[in-house]
Amino acid sequence: MNTLRRLVHAWRTRADRRPALGHWLRPRQEDAVRDYPADGLTPARLLSIFREADRGSLAAQMALFEQMEEKDAHLYSVAHTRRLAVTGLPWRIVSAADVPGGPDVDRRAADAAAAWCAAVLHATPGLEESLVHLALALGRNLALVELVWRHGPRGPQLAELVPVDFSRLLLDDHDRVRVLVDDHDREGRPLPPHKFIVHQPEAVCGHPARGGLLRVTALAYLAKHFALKDWLVFAEVFGMPVRIARYGPSATAEEKRELLEMLKQLGADAVGVFSQAVQLDIQQPRMPGETNLYENLCLYCDREISKAWLGQTLTTDTIRSRATAGAAQVHDRVRRDIRDDDLRKEAATIRRDLLTPLVRFRFGPRAPVPHFRRVLDQTLEPERLGAVLDVAVNRLGLRVPVRFAHAALGLPQAEGDEPVLSPHPDRRRPLRPPVVVEADLNARAGAR
């Protein structure tokens, strides 16, 4: 009797862990409809949108974020730069046995799981589009991708990845994500297990509606567009010259109306025909106050947006910047630190919500789960590579694989009996070791 109960419990547990097959989200008419909350946006309305999102209604906030990038070229530029630093890199699947500092796992099982996941992902439609969609969570702090499963010979098999429209997302009373399934759904449904990739890179205290970079920069966006609107009004009022025509005391009302129409034509076509009795003056108005006030305010807001997204301003505001090249390199390193953090969070999400169910359904609950990694560009200049290898191999005695040198130079390795290039005997010159370089630098410093 106890054996039968254990079998039933095991069967139910395994059935509960199986994902829903096929497409879970049905097409909706509302997916093709867009709201425009950024039109006529005020501070009060912005606060109201954020409070609605904190209470679980994310539609207005997501629509606002989408429109913010459409209306602000600088915001779109820095946001696209931040996302492209992640999505522009190629990816690979790393075996759990090759991850330093990880637990000891069976090499054969780990390599088999990694090879299986890599083959499945390369063959799955919608993967690249889904990775780009997940990168949007850097601004919105929440992005979902549906895993479409189908029957396979050895259990559920991944058939497709489908990005979930942001208008379908909402939160329940406990800040858990829910999804609107169809046109008749108004409360949303909880996420079933192993059915969605949920990426929340910057959640504040676990709240999915807060912490996104678009929410952080919303106030700067609003201030900039208030200043831009006032700047356009200022240019229209004070930027155009004033056209003045003086008529004689004997001019009739009809002649005055005709003269007014001529002035309007002169403003539009810069061409007018007037009588000799008419005295025409064109006066350039004087600019009251500081004419660069609005421009400086817009530039200030742009710099604040750049700081929030990229952590620096020197790589986005090079025209007005007077900083040194060394400061620019420091700022670029800060941006690389942010990129590495984005890569780490993306890799954790993909491993948790995509690679884990792939391995569990194929190899069982004890199989080692591989890691998702982006391939960074590690090419080095030949002189610098020679210095690094000289210290590592000749002085420290490290065992450096040949493939590292090929990767550092950006050159492929020869396979089998493939013909290779041979150096000319007269042109083979060893790279100088670092000690010679240091001696040259010290000599130059002493000469100065």
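Every value quoted in this text rests on a predicted model; they were computed, and no experiment measured them. This chain uses plain numbering: 1 for the first residue, then up along the sequence.
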Engineer: Would you call Asp175-Arg210 a salt bridge at under 4.0 Å N-O?
Structural biologist: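 Not counted as a salt bridge, because no side-chain N and carboxylate O are separated by less than 4.0 Å.
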Engineer: If we ignore hydrogens and angles and just use 3.5 Å, is the side chain of Arg178 paired with the main-chain N or O of Glu187 as donor and acceptor?
Structural biologist: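 Between the backbone of Glu187 and the side chain of Arg178 there is a qualifying donor-acceptor contact (under 3.5 Å).
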Engineer: Does Ser77 offer a backbone N or O that forms a donor-acceptor pair with the side chain of Thr81 under 3.5 Å?
Structural biologist: yes
Engineer: Keeping Arg186 on the side-chain end and Asp183 on the backbone end, is there a donor-acceptor pair under 3.5 Å?
Structural biologist: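 At least one qualifying donor-acceptor pair exists.
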Engineer: For Leu131 and Glu346, work out which heavy atoms get closest and say how close.
Structural biologist: CD2-OE2, 4.2 Å
Engineer: Measure the shortest side-chain to side-chain distance between Leu343 and Leu376 over non-hydrogen atoms and say whether it is less than 4.5 angstrom.
Structural biologist: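 Yes; the side chains approach each other to less than 4.5 Å.
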Engineer: Would you say the side-chain atoms of Arg26 pair up with the backbone N or O of Val181, donor to acceptor, closer than 3.5 Å?
Structural biologist: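 No: the side chain of Arg26 does not pair with the backbone of Val181.
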Engineer: Do Trp309 and Leu75 touch side chain to side chain, with heavy atoms closer than 4.5 Å?
Structural biologist: yes
Engineer: Is a side-chain N or O of Glu146 found less than 3.5 angstrom from the main chain of Trp24, in a donor-acceptor match?
Structural biologist: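 Present.
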Engineer: Could you go through the side chain to side chain donor-acceptor pair (under 3.5 Å) check for Ser95 and His371 one step at a time?
Structural biologist: CA-CA 6 Å; Ser95 172; His371 295 257; over 6 Å; no
Engineer: Whether Arg83 and Glu69 form a salt bridge (side-chain N of Lys/Arg under 4.0 Å from carboxylate O of Asp/Glu) is what I want to check.
Structural biologist: yes
Engineer: Do NZ/NE/NH1/NH2 and the carboxylate oxygens of Arg257 and Glu254 come within less than 4.0 Å?
Structural biologist: yes
Engineer: Would you call the rings of His80 and Tyr76 parallel, tilted or perpendicular if under 30° counts as parallel and over 60° as perpendicular?
Structural biologist: parallel
Engineer: Which heavy atom of Lys345 sits nearest to which heavy atom of Pro201, and what is that distance?
Structural biologist: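 Reported closest heavy-atom pair: NZ-O, 3.0 Å.
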Engineer: Could you pull out the closest heavy-atom pair between Leu21 and Lys195, with the gap in Å?
Structural biologist: C-NZ, 4.4 Å
Engineer: Where is the tightest heavy-atom contact between Cys298 and Ala227, given as atom of each residue plus distance?
Structural biologist: SG-CB, 4.0 Å
Engineer: Do Val164 and Val145 have side-chain heavy atoms sitting under 4.5 Å apart?
Structural biologist: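 They are not in contact (no side-chain heavy atoms under 4.5 Å apart), so the answer is no.
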Engineer: Where is the tightest heavy-atom contact between Cys117 and Pro370, given as atom of each residue plus distance?
Structural biologist: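 For Cys117 and Pro370, the tightest heavy-atom pair comes out as SG-CG, 3.8 Å.
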Engineer: Please check if the distance between the ring centroids of His74 and Tyr221 is under 6.0 Å.
Structural biologist: no
Engineer: Taking Lys224 first and then Asp302, would you say they form a salt bridge - that is, a charged N and a carboxylate O separated by under 4.0 Å?
Structural biologist: yes
Engineer: Minimum heavy-atom separation for Ser167 and Leu180, please, with both atom names.
Structural biologist: O-CD1, 4.0 Å
Engineer: Does Phe166 reach the side chain of His133, with side-chain heavy atoms less than 4.5 Å apart?
Structural biologist: yes
Engineer: Where the side chain of Gln61 meets the backbone of Ala209, is there a donor-acceptor pair that is under 3.5 Å apart?
Structural biologist: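 It does hold such a pair.
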Engineer: Could you check if a side-chain atom of Leu355 sits within less than 4.5 angstrom of a side-chain atom of Leu121, using non-hydrogen atoms only?
Structural biologist: yes
Engineer: Contact between Leu147 and Pro19 at the side-chain level, heavy atoms closer than 4.5 Å - yes or no?
Structural biologist: no
Engineer: Has the side chain of Gln67 got a donor or acceptor atom that lies under 3.5 Å from a matching backbone atom of Ala38?
Structural biologist: yes
Engineer: Between Asp98 and Arg107, is there a side-chain N and carboxylate O pair less than 4.0 Å apart?
Structural biologist: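 Yes.
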Engineer: Give the C-alpha distance, both sets of side-chain angles, the deciding distance and a yes or no for salt bridge (Lys or Arg N to Asp or Glu O under 4.0 Å) between Glu52 and Arg55.
Structural biologist: CA-CA 5 Å; Glu52 289 178 10; Arg55 289 192 294 266; 5.3 Å; no
Engineer: For the CZ atom of Arg82 and the CG atom of Leu213, what is their distance to the nearest 0.5 Å?
Structural biologist: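 Result: 5.0 Å between the selected atoms.
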Engineer: Is any side-chain heavy atom of Val198 closer than 4.5 Å to one of Leu142?
Structural biologist: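 Answer yes - side chains close enough.
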Engineer: Taking the cut-offs as 6.0 angstrom to the six-membered ring centre and 45 degrees off its axis, would you call Arg215 and Phe65 a cation-pi pair?
Structural biologist: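 No, a cation-pi geometry is absent between Arg215 and Phe65.
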Engineer: Would you compute the distance between atom OG of Ser48 and atom CG of Leu41 and round it to the nearest 0.5 angstrom?
Structural biologist: 10.5 Å
Engineer: Between the side chains of Arg336 and Asp340, is the shortest nitrogen-to-carboxylate-oxygen separation below 4.0 Å, so that they form an ion pair?
Structural biologist: no
Engineer: Less than 6.0 angstrom separating the ring centers of Trp91 and His122, yes or no?
Structural biologist: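 Ring centroids of Trp91 and His122 are less than 6.0 Å from each other.
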Engineer: Would you check, one step at a time, whether the test salt bridge (Lys or Arg N to Asp or Glu O under 4.0 Å) holds for Asp39 with Lys71?
Structural biologist: CA-CA 10 Å; Asp39 295 346; Lys71 298 182 67 174; 3.5 Å; yes
Engineer: Have a look at Arg168 and tell me which of Leu25, Asp185, Asp182, Leu144 forms a side chain to side chain contact (heavy atoms under 4.5 Å, CB included) with it.
Structural biologist: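 When side chain to side chain contact (heavy atoms under 4.5 Å, CB included) is applied between Arg168 and each of Leu25, Asp185, Asp182, Leu144, only Leu25 qualifies.
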Engineer: Are Arg51 and Asp54 close enough for a salt bridge, meaning some N to O gap below 4.0 Å?
Structural biologist: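 Answer for the salt bridge query: no.
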Engineer: Are Arg150 and Pro156 packed together at the side-chain level, in the sense that at least one heavy-atom pair is separated by less than 4.5 angstrom?
Structural biologist: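 A side-chain contact under 4.5 Å is absent here.
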